[in-house]
There are 2 protein chains.
Amino acid sequence: MNKKMIRIKDIAKLAGVSVGTVDRVIHNRGKVSEKAREKVEKVLQEIDYTPNLLAKTLGSNKVYTIALLVPDPSQDPYWKLSMTGLDTAQEEWRPYHMELQPCFFELENAKSFTSAAQRLLKNVPDAVVSAPIFLNEAIDFFKKLDQLGTPYVHFNTMISTVSPLSFIGQDSYQSGRLGASLLHLASKHQKGKVAILHIRESVQHSVHFREKERGFRDFYGAMHPAQSVEAVIIEGNQMDTFEEKLISAIKKNDMKGLFIPTSSGAKLTADVLEKNGLDHISIVGYDLLNENINLLKSGYIDFLIHQNPSRQVFRGIHHLANHLLFKKTAPEKELFPLEVITAENIDSYLEAVLH
Amino acid sequence: MNKKMIRIKDIAKLAGVSVGTVDRVIHNRGKVSEKAREKVEKVLQEIDYTPNLLAKTLGSNKVYTIALLVPDPSQDPYWKLSMTGLDTAQEEWRPYHMELQPCFFELENAKSFTSAAQRLLKNVPDAVVSAPIFLNEAIDFFKKLDQLGTPYVHFNTMISTVSPLSFIGQDSYQSGRLGASLLHLASKHQKGKVAILHIRESVQHSVHFREKERGFRDFYGAMHPAQSVEAVIIEGNQMDTFEEKLISAIKKNDMKGLFIPTSSGAKLTADVLEKNGLDHISIVGYDLLNENINLLKSGYIDFLIHQNPSRQVFRGIHHLANHLLFKKTAPEKELFPLEVITAENIDSYLEAVLH
DNA sequence: ATGAAAGCGCTAACAA
DNA sequence: TTGTTAGCGCTTTCAT
């Protein structure tokens, strides 16, 4: 097949110039006469040259660092899951002298995001992975990165005003539709209403939660228009009266099924339901938190939708590292599949390696 | 953090020996005195040394080749899917001068497997990925590879008498259970029997089909003992009477749901059902063949279980390449998660990159 | 503007 | 058994 790899040296010989000149032409590093440039470009057009990436990155002996700006995993089980992605990435990229610096902020505190972002920039990382939990603050931060020319990848929400190397996440609208279809499957032979439950989401200004609701409603609207759909909203500052609010909403609407987009919401809800003897109510929740896993196995939750946070950070780092090291182009968005978890396939997910 | 990466040269200086000796110790290339070895190993224990992979592969300027022995994708839609895994792997490993040579055999022809295997061995590949469709022939082949010391990875069925570097697949028993649980979900409010449908599987001598059946039966036995479960077997040589056999089995047993482990079986079945006005029957099938995708979207199939063949070959190559190039140890088996596909998440799978 | 040459960290061949 | 050294293909610096 490929008889032999073409090297810069070969091109130099063919063009009758030195390797230095070839390098300058290839990378537009200036300082080349028209004559020399033409000779080299002629050769380049005739042959099929792909540079040896190993030699390339070895030659320019640089240690890259990728910074991560994510919520403190010790404060949030969802982000705790994502840390295995960091570990796996660390493992994968260590031999290439890629340095990963995690930088945490507090989930309920926009100021801490900003200050963490500032700390991060002090270290002038070569690239950044970030979760734009606080949208406005995040946009400011991303714009700064855009100015600096620092490549970054972000999760959750697509933001049209900034230019990340790549966006990683799921189609939230479709996720809502999927949630609705699963809830329907679990509850269709019961009477009653279904609802989407927004718990303590306010902090997230989150477009993606709204999109999930839209998808949820659309599914029922299109497929089962007779089914009436509610939304129950329990804000972060109302958590002391959570039980009361939830129960009253359920009783008032004769609920048969709940769709809970917040990953930690299912546990809160299931506890209240169990305490109040309402365990006939179907639940569709999100993500493989330990609590959710237990509830799924014991039958309190019917389905989970997996957002694979660990893979999100793993892939984010993957794209950036490939970009820095090998100049590979990343997809502008990488949408993950919407994975359906049931009591019968949960173990296969827990045993599987990061995928 | 780590101020500076440690190089072999540094270790040599610390141990008071030459780089050559350090290299020999690290790779057990013999020819080292006890004294020298001890000195080096002491240093290695004290510091945290990870070799620079770029330099490593650049230095040992070798081109490895991995051969693939799989069914001709033009003859089989399932294996056609797996080819995107090949392409992705090719892309990923190109910078490391890893050569991938596919080698196809005919799906219904054991002889062609053997002859393809021989052709393959002529090229003395450094490693092999293979699908052991013809179990006996495959075992012979694997034993030969074992003798040659050529590492290999295989799919589908775990084989206790051979020693692959790694086995890649899914837990077939659990896959059967999952299939049963999904079929139950889709059909539980109808009356009638459920069945597992074995279509033209004989060629595969396949342990994993039996395991799926066992899982399928166990689920119903344990969870819904009242539900009666059948098995319908239609051999490869009976395909001319397929319709007749299938319909008579359905009528006789008053079937309400079918579990079809063969990926191409769902289409055959659905066509017959539609033709005979039996479209109330629920179907759980396997894999994202185009036909299956259409049937799922149009509601003729209720669920698909995704075996992710493309990722199977991708990961197989991944483990072998890492083994050859970087001496990384592969897991002796890598079980994939059992992915549930419905009409509402199918698109997210089709749009997603290999995952 | 150009070429020559010194690395980058590791491997492997060659002396000693 | 050891140490030395010449590559691997590319980048970068330094003369010219």
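A note on names: the letters A, B, ... follow the listed sequences, proteins ahead of strands, and every chain is numbered from 1. Scope of the values below: all heavy atoms of this structure, side chains included, with no hydrogens, waters or symmetry mates. No experiment lies behind these values; they were computed from the predicted model shown.
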Within this structure, what is the [atom1]-to-[atom2] distance between [X] and [N], rounded to whole angstrom?
X       : N     : atom1 : atom2 : result
A/Lys13 : C/dG3 : NZ    : C1'   : 16 Å
A/Arg94 : C/dG9 : CZ    : P     : 17 Å
A/Tyr64 : C/dC8 : OH    : P     : 17 Å
A/Lys39 : C/dG3 : NZ    : C1'   : 12 Å
A/Asn28 : C/dA1 : CG    : C1'   : 16 Å

Determine, for A/Lys13 against A/Asp10, whether the closest basic-nitrogen to carboxylate-oxygen distance falls under 4.0 angstrom. no

For B/Glu46, is there an ion pair with B/Lys42 - N to carboxylate O distance below 4.0 angstrom? yes

In terms of heavy-atom contacts, does CD of B/Glu41 have more than 12 from other residues, nucleotides or ligands at under 6.0 Å? yes

Around atom NZ of B/Lys80, are there more than 12 heavy atoms of other residues, nucleotides or ligands at under 6.0 Å? no

When you measure from the side-chain N and O atoms of A/Thr21 to the phosphate of C/dG3, is any distance below 4.0 Å, counting only OP1 and OP2? yes

Please check if the distance between the ring centroids of A/His355 and A/Tyr349 is under 6.0 Å. yes

Which letter, B, S or -, goes with each nucleotide of nucleotides 7-15 of chain D from 5' to 3', with contact meaning a protein heavy atom under 4.0 Å? BBBBSB---

Taking atom types as modelled, find out whether A/His318 and A/Glu334 have a side-chain donor-acceptor pair closer than 3.5 angstrom. no

